[in-house]
Amino acid sequence: FRRLRENMRKTREALTSEITATLFEDLDEETWEKLEEALIAADVGARTTAEIVEQLEQEADRGDLAGGEQLTARLTELLADVARVGEPRIDLTPSPTVLLVVGVNGTGKTTSVGKLAWHLRKELGQKVVLGAADTFRAAAVEQLEEWSRRADVRFVKGPPDSDPASVAYETVSTGVREGADVIIVDTAGRLHTQDNLMAELAKVRRVITKQLPDAPHETLITVDATTGQNGLRQAKLFAEAVDVSGIVLTKLDGTAKGGIALAIARELEIPVKMIGIGEQLEDLRPFDPDDFARALLS
Ligand code: GDP
């Protein structure tokens, strides 16, 4: 929690500097205005902000909130409630579990896949096979290979410019043959046109399902938190094209707009499952709504 709190510093400071000023005063019109501004500035989203402020105002009117301290505690609860959508954990019970990872270039997809492999192997003791089905960028394949070395996991790639679906096929069959617990397939990182993307991802999914009828078990999308509402729009486009089951929200350490995690959960009703809070291997964490809300406010 300490590291999460440390790395979420920018958002927390932006939020609390506005809110703390009102902590020792009466809860009045100014409190609500400041709170609203702070939440909007942190990219929590207009709708969610309005609902939260309204709720707090009502509770204060009823005399349920005596002062700033109680306000902060209640705000923490409400933010955590917003973030609590669907199933927050990646379910690792299927054996093997197949995870597809999608996301626009630059959002931190390659890095997150590497960190995820490391997390699964080092912290959860899983046997991991990683496949580079984002075959469009040779540099991305190399970068992923380097991450797989660092994470010390099995790596599968195809010849340059090979068909993403054939790499996905090879990755899954390698994983099955070698008794992997988790198979991660890194897929297309570009969004030329929605049709194009949909066709490619559909084909990737088809070859996977052909080998393992229940797979892929999760489709995760990486979203760059520093792009705020734009990231939200990207995620929406992907979610319309493929059946996204979870979000990996990256670069939360680099932004004062970490509230975007809540806007995404709320708008898309897709759970944030992992968060990236730095460039180290260990800086990808399971998302915990309560810890996240606490890190934002205390
Ligand atoms: P891709 O094009 O989506 O595969 O993106 P990359 O994985 O290459 O990441 C793009 C840049 O974002 C790299 O410089 C990464 O080090 C950086 N990055 C990725 N995740 C995080 C994160 O959680 N925090 C920070 N600070 N940087 C990150």
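Because only heavy atoms are used, hydrogens play no part in the values below, and waters and symmetry mates are left out as well, while side chains stay in.
- When the shell of 6.0 Å around CZ of F155 is examined, it contains more than 12 heavy atoms from other residues, nucleotides or ligands.
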For V101 and T219, what are the C-alpha separation, side-chain angles and deciding distance, and is it a side-chain contact (heavy atoms from CB on, under 4.5 Å)? CA-CA 6 Å; V101 185; T219 301; over 6 Å; no
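- Looking only at side-chain heavy atoms (C-beta outward), T111 and Q143 come within less than 4.5 Å of each other.
- One distance of note links CG of D283 with CE of M274; it measures 11.5 Å at 0.5 Å rounding.
- A salt bridge links R74 with E77: the closest approach of a Lys/Arg side-chain nitrogen to an acidic carboxylate oxygen falls below 4.0 angstrom.
- The pair D163-K203 meets the salt-bridge criterion, with a side-chain N (NZ, NE, NH1 or NH2) lying under 4.0 Å from an Asp/Glu carboxylate O.
- Between the side chains of E218 and S245, at least one donor N or O lies within less than 3.5 Å of an accepting N or O.
- A donor-acceptor distance shorter than 3.5 angstrom exists from the side chain of T107 to the backbone of V104, with no hydrogens or angles considered.
- A salt bridge is absent between K10 and D253; no separation between the charged side-chain nitrogens and carboxylate oxygens falls under 4.0 Å.
- Judged by distance alone, the side chain of T16 and the main-chain N or O of R12 form a donor-acceptor pair under 3.5 Å.
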Working for salt bridge (Lys or Arg N to Asp or Glu O under 4.0 Å), residues E178 and K127: CA-CA 9 Å; E178 298 182 1; K127 183 170 178 182; 5.2 Å; no
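- The environment of CG in D61 is crowded: more than 12 heavy-atom neighbours from other residues, nucleotides or ligands sit within 6.0 Å.
- Open room surrounds CZ on R2; 12 or fewer heavy atoms of other groups in view lie less than 6.0 Å from it.
- Remark: the backbone N or O of A293 is not paired with any side-chain donor or acceptor of T76 at under 3.5 angstrom.
- Between E170 and K157 there is no salt bridge, since no side-chain nitrogen of the basic residue lies less than 4.0 Å from a carboxylate oxygen of the acidic one.
- Between the side chains of E54 and Q58, at least one donor N or O sits under 3.5 Å from an acceptor N or O.
- Geometrically, R294 engages F1 in a cation-pi contact, judged by NZ or CZ lying under 6.0 Å from the ring centre and within 45° of the ring axis.
- At a threshold of 4.0 Å, the pair D134-R137 counts as salt-bridged, since one of the basic side-chain nitrogens sits closer than that to a carboxylate oxygen.
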Please evaluate residues L249 and F287 with respect to the criterion side-chain contact (heavy atoms from CB on, under 4.5 Å), reporting the C-alpha separation (whole Å), side-chain torsions for both, the decisive distance (0.1 Å), and the verdict. CA-CA 9 Å; L249 190 62; F287 178 70; over 6 Å; no
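- With contacts defined as side-chain heavy-atom distances shorter than 4.5 Å, the pair W147/L281 qualifies.
- Applying the 6.0 Å contact sphere to CZ of R5 captures no more than 12 heavy atoms from other residues, nucleotides or ligands.
- Crowding of E269 atom CD: a count of heavy atoms from other residues, nucleotides or ligands under 6.0 Å not exceeding 12.
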Apply salt bridge (Lys or Arg N to Asp or Glu O under 4.0 Å) to the pair E51 and R266, showing each step before the final yes or no. CA-CA 12 Å; E51 283 167 7; R266 185 54 186 274; 2.7 Å; yes
Just do the side-chain contact (heavy atoms from CB on, under 4.5 Å) check on T97 and L99 with the steps written out, would you? CA-CA 7 Å; T97 301; L99 311 176; 3.8 Å; yes
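- Without hydrogens or angle criteria, T171 side chain to V156 main chain gives no donor-acceptor distance under 3.5 Å.
- Applying the salt bridge (Lys or Arg N to Asp or Glu O under 4.0 Å) test between D224 and each of K257, R233, K251, K109 identifies K251 as the sole match.
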For L116 and I184: C-alpha separation, side-chain torsions, deciding distance, then whether side-chain contact (heavy atoms from CB on, under 4.5 Å) applies. CA-CA 9 Å; L116 181 59; I184 308 176; 4.1 Å; yes
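- Comment: K34 does not engage E37 in a salt bridge, judged by the lack of any side-chain N to carboxylate O separation of less than 4.0 angstrom.
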